[in-house]
Every structure is written in structure tokens, then in C-alpha cells.
Amino acid sequence: YERIYQMLVFFAQNPQTPQLEKERAKKAVENFSNSHIQTLDSYCGSVVRQAANRYGIRPNFTSGSADSGRTIKNLALPFLLQYRNDSAVLACTKPGKIQDTAEQLFAETILYYTSLADSDTFFEDALPKQKELIASEWNAVFEGTDSYGSLISNIADVYSQVPAAKKESAYCRALCSVFPFNTDEISGVFDRLPEEIHLTKENIEDEKVQKAVADFTAHYTKLNFSQTLSGYTKELRASVKSIRAVLNDKIIPLAAYISQYKTAQRMYVLLDQFLSQVNESKRRTGQLSFRDITELALRILNEQNDIRELEQNSYDRIMIDEFQDNNKKNRDLLFLLAGGKEKLFFVGDEKQSIYKFRGADVSVFKELQKDLNIEPLQMVFNYRSTQKLLEAFNQIFGGYVTDGSNWKKIPALSEEADAAPDSWVFPEKPENAFEASFTENNIARKNPALQNKNDENTDSKKNAPVH
């Protein structure tokens with residue numbers, strides 16, 4: 001509070017502060033006692049404390065402690081030992097590696113993908129949607145102009161052009177173990193191939209359908225023969241490469257899930273049981289993660305009408321700094337606080353996003369313009385960076401170089417760019433041209449030289465575009 005207050009006073013009293021900025025600073029000083037400044041994590045913590053007893057949580061809980069993660073790992077192995085003979089556990093565990101399964105599958109899944117705000121049926125609730133997505137992705141392989149069937153037709157067309165002498169080669173024999181081109185007319189080959197299977201979220205559980213998917217996949221997995229066998233043609237190997245990409249990137253992974261659906265279904269039950277145990281431990285010990293607190297605060301504001309109304313009425317305006325380091329749930333919480341009123345003001349820089357490891361999603365910041373349906377305000381002056389640092393930003397993020405006095409944009413893919421790869425970095429076109437020539441001893445004073453637009457030697461919007 002003191003640092004921000006003193007900075008506002010500085011702007012309000014400094015005679016070199018432009019008049020408009022000075023009036024704004026004076027107003028901010030006058031109303032400073034009404035302000036409330038804290039991190040979003042701290043704010044979420046205050047919301048959770050208001051409703052802690054309603055959710056069975058100790059009001060004196062701690063947040064962000066490494067103890068929370070250690071506790072989850074300590075609980076995982078004893079839990080899994082109770083189910084060491086379960087079919088799903090046996091299917092997912094290598095001999096002698098049950099501790100690895102406990103830590104990597106159970107503890108890390110709960111730690112990184114769930115929170116205290118989630119229900120005790122979190123994983124089972126996700127299963128219907130997962131089945132729908134798996135079925136959709138599988139069916140998409142066989143639809144459209146680039147369908148699996150069209151890739152097979154392409155191989156048939158290419159094979160028909162292969163010289164007769166090469167059709168007895170090792171490469172063509174391996175190919176014909178998948179597509180019996182050497183025993184049928186090309187047109188009859190398709191009748192002898194496994195039938196394409198259409199999946200739905202209902203029939204994905206059918207054992208007959210699961211077996212058909214497994215047989216289909218096993219047949220085409222034979223396409224993964226060595227591509228260095230003798231007798232290939234360039235065109236034939238290219239067509240095989242195309243179908244193998246679909247086989248290995250889509251069909252085989254999707255088929256693995258489908259064939260092991262019952263294992264996944266049982267594993268989700270076990271994960272839900274472990275999640276319930278972990279969350280009960282969190283409530284009892286009060287050792288919560290930042291994720292727990294943030295997501296629980298959102299749940300509380302959604303479910304507890306009295307707390308939501310109190311919080312919504314507590315703030316006339318809300319400014320959120322460094323929003324590039326937040327995520328969708330943070331965004332939802334802030335929009336909920338706004339209550340449909342225009343009281344939110346976001347500040348951020350997508351190039352400074354550094355908290356992805358804590359769940360930050362910079363795309364949420366980028367989508368604010370669409371969410372709010374307004375044009376963003378650009379911060380066009382840099383008050384604290386030295387010229388050398390700004391030059392580095394120009395070069396790295398804007399593709400500009402300077403000879404010491406003037407800036408020059410190097411076009412992407414130009415001869416000059418190719419000749420000077422160390423100078424030109426990214427071919428981005430900056431959205432705006434920025435000024436950044438300020439004195440280093442007084443952040444409130446813009447460089448008077450900038451006002452002289454006729455002085456070609458000064459850094460101006462024209463020759464000093466800075467992000």
C-alpha cells in the first residue's frame with residue numbers, strides 16, 4: 001500500500017507531470033483509503049475463509065505449501081496396496097513397480113488435474129464426454145476427402161503403376177500382406193479388407209465392437225514394416241507414409257483406449273476413491289494448494305448467494321494486473337464478481353507470461369478483446385527500461401535493428417534477412433509503433449525532445465517502434 005501511495009503522491013505533486021496525469025493522480029490519492037489491494041490468490045483465500053465451515057474446511061488452512069503435494073504422495077502407495085490385485089491396477093502396473101504407479105498415475109493425476117473444489121465422482125463424471133470424444137475422433141478418420149479409405153485407394157492406384165519386376169520385391173510382398181494386391185484384381189482388394197467400424201458413445205462399451213476395433217487395428221499395424229526393404233518406389237513409399245501417419249497418430253492410440261475401456265472405467269472409480277480420500281485429508285489438515293483455493297473460491301461464489309452478493313457489492317471497479325499469468329477459471333471468477341457490470345480493467349503483456357507451470361494460460365488474456373467486445377488500450381510509453389534493453393526487445397519481438405540512431409524493419413524472407421540471421425529474429429509486424437525515450441532520473445517526465453517532430457535524430461514513433 002505504502003509504495004503505491006507514495007508513487008501516486010509523487011505524480012500528483014511533481015510540477016513536470018503533465019496536467020491530465022496530475023489530475024488523475026490527485027484523484028487517486030484522495031480516494032486511496034477506499035482502495036483494496038491484494039493478489040488474486042490472497043483474495044480467493046479470503047473468500048474460502050468466509051465459507052470454510054460450510055465445506056468442512058479448517059478456517060486456519062495454509063496455502064501453497066509443499067506439504068500438500070507430499071501428503072498426496074504419502075497417501076497414494078497405502079491406498080494402492082489395498083487394490084494391488086485389482087484387474088485395472090494389474091493392467092497398469094509393471095511387475096515390481098507398484099510405487100511408480102502410485103506416484104505417477106495416482107498422486108500426480110490428483111495433484112495436477114484436480115482440486116478440493118471437485119466432486120468425489122470427478123473422473124466418472126468425465127467418462128461420458130470422453131467416450132463421445134473418442135468415438136468422434138475415430139469416426140473422423142474415415143470421413144472427408146482425406147479419409148482412411150481414400151488413402152488406401154491412393155496406395156492401390158500407385159501400386160498399379162509399379163513395374164511388374166518390382167512387384168516380387170521384399171517391399172511389395174510386405175505391402176501385399178496388408179493389401180492383397182498380388183492375389184486379386186485391384187478392384188476386388190477392398191472387399192477382403194477389414195470393414196470400417198462406426199463408433200458411438202453407446203457401442204464403444206460393446207465387447208464385439210471392441211474386438212472388431214482391435215482386429216481392424218492389428219491388421220493395419222502390419223503397415224509398420226521397414227521402409228528400407230528393397231523394391232520400393234518413391235511414390236509407393238510416400239503413399240505408405242501418409243497412411244502410416246494416420247495409423248500411428250490416430251488409429252492405434254484410439255484403439256488402445258477402446259480395447260482397454262473396461263480398465264479405464266475401473267481405474268476412474270479407483271481415482272475417484274483416492275480423490276475423496278485426498279480431499280478429506282485436505283479438509284482435516286488444512287493443507288491446501290493454490291489450485292484448491294482458487295477453484296474453491298469460484299465454486300463458493302457460484303453456490304453461496306449471500307457471499308457472492310456481498311463480494312459483488314464490495315467493489316465499484318476492479319483492476320487486475322499481470323493478467324497474462326491467469327487462467328480461464330480466474331477469468332470466470334472475475335466476470336462473476338463483475339455481475340454483468342462494466343467494472344473490470346485488465347492489464348497484461350502476453351510476452352511476459354511465466355507461470356504456465358502453475359496453470360496460467362496466456363490464451364485467456366489474448367481472448368479478452370473478444371470476451372469484452374472492446375478495443376484494447378495500448379501502453380505506448382516505457383518508463384523504466386534502459387535504451388539497451390528496449391533495443392533488445394525491438395530486435396527479438398519486432399524484427400528491428402538499429403545502427404545506433406535509426407531503426408529499420410527487416411522484412412521476413414528478404415535477402416537482407418537471410419544475410420543477417422543474427423540481427424533479425426522474428427518476422428512479426430508490430431501492432432503499433434511505440435516511443436520509449438525517457439530520462440532515467442525522472443519517470444514522470446516525458447523526453448521534451450519527443451515533442452519536436454522535425455528532429456530526425458530523436459527517437460520518435462516513426463523511427464523507434466518498441467514493444
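The basis for the numbers below is simple: all heavy atoms, side chains too, and nothing from hydrogens, waters or symmetry mates.
One distance of note links CD1 of Ile72 with OG1 of Thr114; it measures 6.5 Å at 0.5 Å rounding. Taken from CD in Glu124 to CG in Leu270, the straight-line distance is 9.5 Å, to the nearest 0.5 Å. Summarising the geometry, atom NZ belonging to Lys131 is positioned 7.0 Å from atom CD belonging to Glu202; distances are rounded to the nearest 0.5 Å. Atom CD in Gln265 sits 6.0 Å away from atom CG in Leu127 (nearest 0.5 Å). We find the OG1-CD1 distance between Thr285 and Ile57 to be 10.5 Å, quoted to the nearest 0.5 Å. Distance check, rounded to the nearest 0.5 Å: CG of Asn373 to CG of Leu368 gives 12.5 Å.
Inter-residue side-chain proximity for Ile243 and Ile155 is flagged as met; some heavy-atom pair is nearer than 4.5 Å. Looking at Arg331 and Glu367, their side chains never come closer than 4.5 Å, going by heavy atoms from C-beta outward. A 4.5 Å side-chain heavy-atom check between Asp316 and Asn34 finds every atom pair outside the cut-off. Residues Asp41 and Ser63 form no side-chain contact, since every pair of their non-hydrogen atoms from C-beta on lies 4.5 Å or further apart. For the pair Lys208 and Lys211, the minimum side-chain heavy-atom distance is 4.5 Å or more. Considering only heavy atoms from C-beta on, His36 comes within 4.5 Å of Tyr315 through its side chain. Using a 4.5 Å heavy-atom threshold, the side chains of Lys166 and Leu236 count as separate. With contacts defined as side-chain heavy-atom distances shorter than 4.5 Å, the pair Ser35/Tyr1 qualifies.
By the neighbour-count criterion of 12 heavy atoms within 6.0 Å, atom OH of Tyr113 is sparsely surrounded, having that number or fewer from other residues, nucleotides or ligands. Shown here is Lys97, whose NZ atom has no more than 12 heavy atoms of other residues, nucleotides or ligands within 6.0 Å.
A ring-centre distance under 6.0 Å is not found for Phe61 and Tyr55.
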(Q) Using the rule given for side-chain contact (heavy atoms from CB on, under 4.5 Å), can you reason through Leu372 versus Phe335, listing the C-alpha separation, both sets of side-chain angles and the distance that settles it, and then say yes or no? (A) CA-CA 10 Å; Leu372 300 171; Phe335 274 66; 3.5 Å; yes
(Q) side-chain contact (heavy atoms from CB on, under 4.5 Å), that's the test. Do Val89 and Asn85 meet it? Break it down for me. (A) CA-CA 7 Å; Val89 174; Asn85 294 321; over 6 Å; no
Q | Stepwise side-chain contact (heavy atoms from CB on, under 4.5 Å) test for Tyr257 and Val213 | A | CA-CA 10 Å; Tyr257 176 91; Val213 168; over 6 Å; no
Q: Determine, step by step, whether Phe179 and Leu223 satisfy the side-chain contact (heavy atoms from CB on, under 4.5 Å) criterion, reporting the C-alpha distance in whole Å, the side-chain angles of both residues, the deciding distance to 0.1 Å, and the verdict.
A: CA-CA 9 Å; Phe179 307 107; Leu223 277 170; 3.8 Å; yes
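Here the shortest heavy-atom pairing between Ile197 and Asn139 reads O-OD1, 4.0 Å. The nearest pair of heavy atoms linking Leu298 to Asp332 is CD1-C, 4.1 Å. A pairwise comparison of heavy atoms in Ala51 and Ile307 identifies CB-CD1, 3.6 Å as the closest pair. Contact record, Leu229 with Ala174: CD1-CB, 3.9 Å, taken as the closest heavy-atom pair. For Tyr171 against Gly231, the heavy-atom pair with the smallest separation is CB-C, 4.0 Å. Of all the heavy atoms in Ser150 and Ser147, the pair that sits closest is OG-O, 2.6 Å.
Ring geometry for Phe123 versus Tyr268: interplanar angle of 30 to 60°, hence tilted. Ring geometry, Phe106 versus Phe274: the interplanar angle exceeds 60°, so the pair is classed perpendicular (tilted spans 30 to 60°). Ring planes of Phe142 and Phe216: perpendicular class, angle over 60° (limits at 30 and 60°).
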Validation: residues 248-255 side-chain donor-acceptor distances under 3.5 Å, sequence neighbours left out:
| residue | atom | partner | partner atom | Å |
| --- | --- | --- | --- | --- |
| Asn248 | OD1 | Asn224 | ND2 | 3.0 |
| Asn248 | ND2 | Asn224 | OD1 | 3.1 |
| Asn248 | ND2 | Arg244 | O | 3.2 |

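The main-chain N or O of Glu168 is found under 3.5 Å from a side-chain atom of Arg173 such that the two form a donor-acceptor pair. In this structure a side-chain-to-backbone donor-acceptor pair under 3.5 Å is missing from Ser281 to Gln277. For Arg291 (side chain) and Tyr112 (main-chain N/O), a donor-acceptor pair under 3.5 Å exists by modelled atom type. For the pair Thr221 (side chain) and Thr217 (backbone), a donor-acceptor distance under 3.5 Å is present. Not a single donor-acceptor pair under 3.5 Å links the side chain of Gln304 to the backbone N or O of Asn302. Using modelled atom types, one side-chain atom of Ser160 and one backbone atom of Asp157 make a donor-acceptor pair closer than 3.5 Å. Between the side chain of Tyr43 and the main chain of Gln38, no donor-acceptor pair closer than 3.5 Å is present. Here the side chain of Gln312 pairs a donor or acceptor atom with the backbone of Leu336 at under 3.5 angstrom. Here the side chain of Ser259 pairs a donor or acceptor atom with the backbone of Ala256 at under 3.5 angstrom. At distances below 3.5 Å, not a single donor-acceptor pair connects side-chain atoms of Ser42 with backbone N or O atoms of Thr39.
Here Lys167 pairs with Tyr159, Val162 under the side chain to side chain contact (heavy atoms under 4.5 Å, CB included) rule; sequence neighbours left out.
For the residue pair Arg308/Asn305, the side-chain donor-acceptor check at 3.5 Å is satisfied. Using modelled atom types, one finds a donor on one side chain and an acceptor on the other under 3.5 Å when comparing Glu322 with Gln324.
Every pair passing salt bridge (Lys or Arg N to Asp or Glu O under 4.0 Å) that includes a residue from residues 260-288 is listed here, sequence neighbours excluded: Asp86-Arg266, Glu207-Lys262, Glu280-Arg283, Lys282-Asp292.
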